[in-house]
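The residues of the chain are indexed from 1 along the displayed sequence.
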Amino acid sequence: MIKKSPLNYSGSKDKILLQILNELPEDINTFVDAFGGAFNVGVNIDCDTVIYNELNPYVYEIIEMLLTEDKEELISNIEEIVEKFNLKARDKEHYNILRDYYNNIEKTPLNLYVLSLYSFSNYLRFSKKGKMNMPIGKQEYNKTIVDRINSFTSNAKNLELYNLNYKDIPIYNLNKEDTLFYFDPPYIVTTAVYNEKSNSTEGWSEQNETELLEYIKELDNKGYKFMLSNILKQNDKTNDLLLDFIKENNYKLIDIGKYRTRQEVIIKNY
């Protein structure tokens with residue numbers, strides 16, 4: 001059964017997860033989810049060890065909470081906040097009261113997660129002063145969220161969690177034969193909340209893209225397997241850096257579908 005993250009995070013790979021899983025190598029001992037986000041991919045990998053890494057501290061703390069805290073207690077705490085602040089879909093007044101409470105009194109992953117359940121498109125966005133500033137949305141806490149929380153446990157025997165830049169993930173003890181690095185970076189040909197520059201993220205530029213592709217090439221040269229999911233084209237924009245990267249290194253390109261004017265792809269070296 002495919003598990004979907006309880007955190008509806010922009011850029012999540014739940015809609016193309018089956019295509020990603022179908023492209024995995026047969027034998028994986030360690031799966032490194034370098035841009036883990038909502039953890040839709042890594043949580044579904046059957047192997048000995050999964051490494052979840054996420055640079056955004058707000059997202060990281062929510063995922064850590066969802067994975068490590070007792071499910072029954074967590075659901076009870078969520079429902080207590082929903083009841084305490086009388087939260088409902090499209091109820092701007094009560095949503096803003098919780099948002100102000102989070103920003104000014106109790107800045108916890110739990111309060112932020114509850115806010116995300118009611119925020120516009122479930123987005124997490126912060127001002128330069130570190131204030132969560134997304135307006136109210138149409139969604140709300142419901143049974144589907146409860147079911148996702150209860151099922152949100154890693155398939156792997158061992159789970160390691162890191163809040164690091166992908167370059168700082170410890171790899172010195174990883175076996176080259178059975179380790180897979182999976183990268184799902186922000187997309188330079190699109191604009192989204194998760195790749196904006198703010199106090200919690202550096203944003204994503206062509207320089208960031210270049211550095212990532214260089215890092216992946218280094219892993220390839222060292223003998224590691226990698227998989228990269230990205231968008232090659234969006235409207236009239238083409239990710240030329242990515243296109244050159246594929247051609248120059250003769251990597252395998254898998255087209256995993258087009259949505260309107262978007263071409264989403266997987267690149268791998270095995």
Participant: Test side chain to side chain contact (heavy atoms under 4.5 Å, CB included) on Val41 and Leu17; report intermediate values, then the result.
Facilitator: CA-CA 7 Å; Val41 177; Leu17 183 57; 4.0 Å; yes
Participant: Just by distance, do the side chain of Gln139 and the backbone of Leu117 share a donor-acceptor pair under 3.5 Å?
Facilitator: no
Participant: Does the side chain of Tyr9 come within less than 4.5 Å of Asn122's, by heavy atoms?
Facilitator: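 Sidechains of Tyr9 and Asn122: no contact.
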Participant: Within the 3.5 Å criterion, strictly below it, is a donor on Asn86 or Lys88 matched to an acceptor on the partner's side chain?
Facilitator: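 Short answer, yes.
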Participant: Check the orientation of Tyr251 and Phe226. Use parallel for under 30°, tilted for 30 to 60°, and perpendicular for over 60°.
Facilitator: perpendicular
Participant: Ring-plane angle category for Phe183 and Phe181, please: parallel below 30°, perpendicular beyond 60°, tilted otherwise.
Facilitator: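 The rings of Phe183 and Phe181 lie parallel, inter-plane angle below 30°.
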Participant: Find the distance between CG (Asn230) and CD1 (Ile256) and round it off to the nearest 0.5 Å.
Facilitator: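 Rounded to the nearest 0.5 Å, the CG-CD1 separation comes out at 10.0 Å.
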Participant: Could you check whether any side-chain N or O of Lys131 sits under 3.5 Å from a backbone N or O of Asn103, counting only pairs where one atom can act as donor and the other as acceptor?
Facilitator: yes
Participant: Heavy-atom count check: over 12 atoms from other residues, nucleotides or ligands less than 6.0 Å from Lys71 NZ?
Facilitator: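 Correct, the count exceeds 12.
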Participant: I'd like to know if the side chain of Asn40 pairs up with that of Ser5 as donor and acceptor (distance under 3.5 Å, no hydrogens or angles considered).
Facilitator: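 No - no donor-acceptor pair under 3.5 Å links their side chains.
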Participant: Less than 3.5 Å apart, any donor N or O on the side chain of Gln19 or Glu23 sitting next to an acceptor on the other?
Facilitator: no
Participant: Just checking, is any N or O donor in the side chain of Asn165 or Tyr162 under 3.5 Å from an acceptor N or O on the other one?
Facilitator: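 Short answer, no.
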Participant: Is it the case that the side chain of Tyr187 and the backbone of Asn239 share a donor-acceptor pair, with hydrogens and angles ignored and the cut-off at 3.5 Å?
Facilitator: no
Participant: Donor-acceptor check, side chain of Asn77 to backbone of Glu73, threshold 3.5 angstrom: yes or no?
Facilitator: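 Judged by distance alone, yes, a pair lies under 3.5 Å.
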Participant: For the pair Tyr166 (side chain) and Glu54 (backbone), establish whether a donor and an acceptor sit closer than 3.5 Å, ignoring hydrogens and angles.
Facilitator: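 No, the answer is negative, given that no donor and acceptor are paired below the 3.5 Å cut-off.
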Participant: Do Leu212 and Trp204 have side-chain heavy atoms sitting under 4.5 Å apart?
Facilitator: yes
Participant: With no hydrogens and no angle check, do the side chains of Ser119 and Tyr95 hold a donor and an acceptor under 3.5 Å apart?
Facilitator: no
Participant: Where the side chain of Lys3 meets the backbone of Arg148, is there a donor-acceptor pair that is under 3.5 Å apart?
Facilitator: no
Participant: Stepwise, does the side chain to side chain contact (heavy atoms under 4.5 Å, CB included) test hold for Val189 with Lys233?
Facilitator: CA-CA 7 Å; Val189 295; Lys233 294 181 181 179; over 6 Å; no
Participant: Phe152: which residues meet the ring pair (Phe, Tyr, Trp, His ring centres under 6.0 Å) condition with it, sequence neighbours left out?
Facilitator: none
Participant: Could you go through the side chain to side chain contact (heavy atoms under 4.5 Å, CB included) check for Leu124 and Met132 one step at a time?
Facilitator: CA-CA 7 Å; Leu124 297 174; Met132 200 283 201; 4.3 Å; yes
Participant: Counting only N and O atoms by type, is there a donor-acceptor contact under 3.5 Å from the side chain of Asp220 to the main-chain atoms of Ile216?
Facilitator: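 The answer is no, because no donor-acceptor pair under 3.5 Å joins these two groups.
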Participant: Please answer whether the main-chain N or O of Glu72 pairs with a side-chain N or O of Ser76 as donor and acceptor at a distance below 3.5 Å.
Facilitator: no
Participant: Keeping the roles fixed (side chain from Asn111, backbone from Tyr101), state whether a donor-acceptor pair exists under 3.5 Å.
Facilitator: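 No, Asn111 side chain to Tyr101 backbone: no donor-acceptor pair under 3.5 Å.
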Participant: Using 0.5 Å steps for rounding, measure from the NZ atom of Lys15 to the NZ atom of Lys4.
Facilitator: 7.0 Å
Participant: Would a distance-only check, ignoring hydrogens and angles, find a side-chain to backbone donor-acceptor pair under 3.5 Å from Tyr113 to Pro6?
Facilitator: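 Pair found, side chain donor or acceptor close to backbone of Pro6.
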Participant: If we only count heavy atoms from C-beta on, is the Pro109 to Tyr60 side-chain gap below 4.5 Å?
Facilitator: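 Side chain of Pro109 against side chain of Tyr60, heavy atoms only: no contact under 4.5 Å found.
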Participant: Less than 3.5 Å apart, any donor N or O on the side chain of Glu64 or Asn163 sitting next to an acceptor on the other?
Facilitator: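 No pair is found: no donor N or O on one side chain lies under 3.5 Å from an acceptor on the other.
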Participant: If you measure from CG on Asp48 to NZ on Lys157, what distance do you get to the nearest 0.5 Å?
Facilitator: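 Spacing of CG (Asp48) from NZ (Lys157) equals 5.5 Å.
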Participant: For Ser205 and Asn208, test the side chains for any donor-to-acceptor distance below 3.5 angstrom and give the result as yes or no.
Facilitator: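 Per modelled atom types, Ser205 and Asn208 side chains form a pair under 3.5 Å.
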Participant: Answer yes or no: is there a side-chain heavy-atom contact under 4.5 Å between Tyr141 and Leu87?
Facilitator: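 When only atoms from C-beta onward are counted, Leu87 and Tyr141 do not touch, as no gap falls below 4.5 Å.
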Participant: With the side chain counted from C-beta on, respond yes when Tyr58 and Arg125 share a heavy-atom pair under 4.5 Å apart, and no when they do not.
Facilitator: no
Participant: More than 12 non-hydrogen atoms from neighbouring residues, nucleotides or ligands closer than 6.0 Å to CD on Glu80, yes or no?
Facilitator: no
Participant: Does any non-hydrogen side-chain atom of Val265 lie less than 4.5 Å from one of Leu228?
Facilitator: no
Participant: Is there a side-chain contact between Thr68 and Leu161, using heavy atoms and a 4.5 Å cut-off?
Facilitator: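 Yes, close enough: below the 4.5 Å cut-off.
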Participant: Taking everything shown except Tyr270 itself, do over 12 heavy atoms lie less than 6.0 Å from its OH?
Facilitator: yes
Participant: Rounded to the nearest 0.5 Å, what's the gap from CD1 on Ile149 to CG on Leu67? Could you check?
Facilitator: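 With rounding to 0.5 Å, CD1 (Ile149) is 11.5 Å from CG (Leu67).
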Participant: Could you measure the distance from the CD1 atom of Ile75 to the CG atom of Asp147? Nearest 0.5 Å is fine.
Facilitator: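 Between atom CD1 of Ile75 and atom CG of Asp147 there are 8.5 Å.
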Participant: Kindly determine whether Tyr224 and Glu218 satisfy side chain to side chain contact (heavy atoms under 4.5 Å, CB included), including the steps that lead there.
Facilitator: CA-CA 9 Å; Tyr224 289 104; Glu218 290 176 9; over 6 Å; no
Participant: Hey, could you give me the CD/OG1 distance between Glu206 and Thr210, rounded to the nearest 0.5 Å?
Facilitator: 7.0 Å
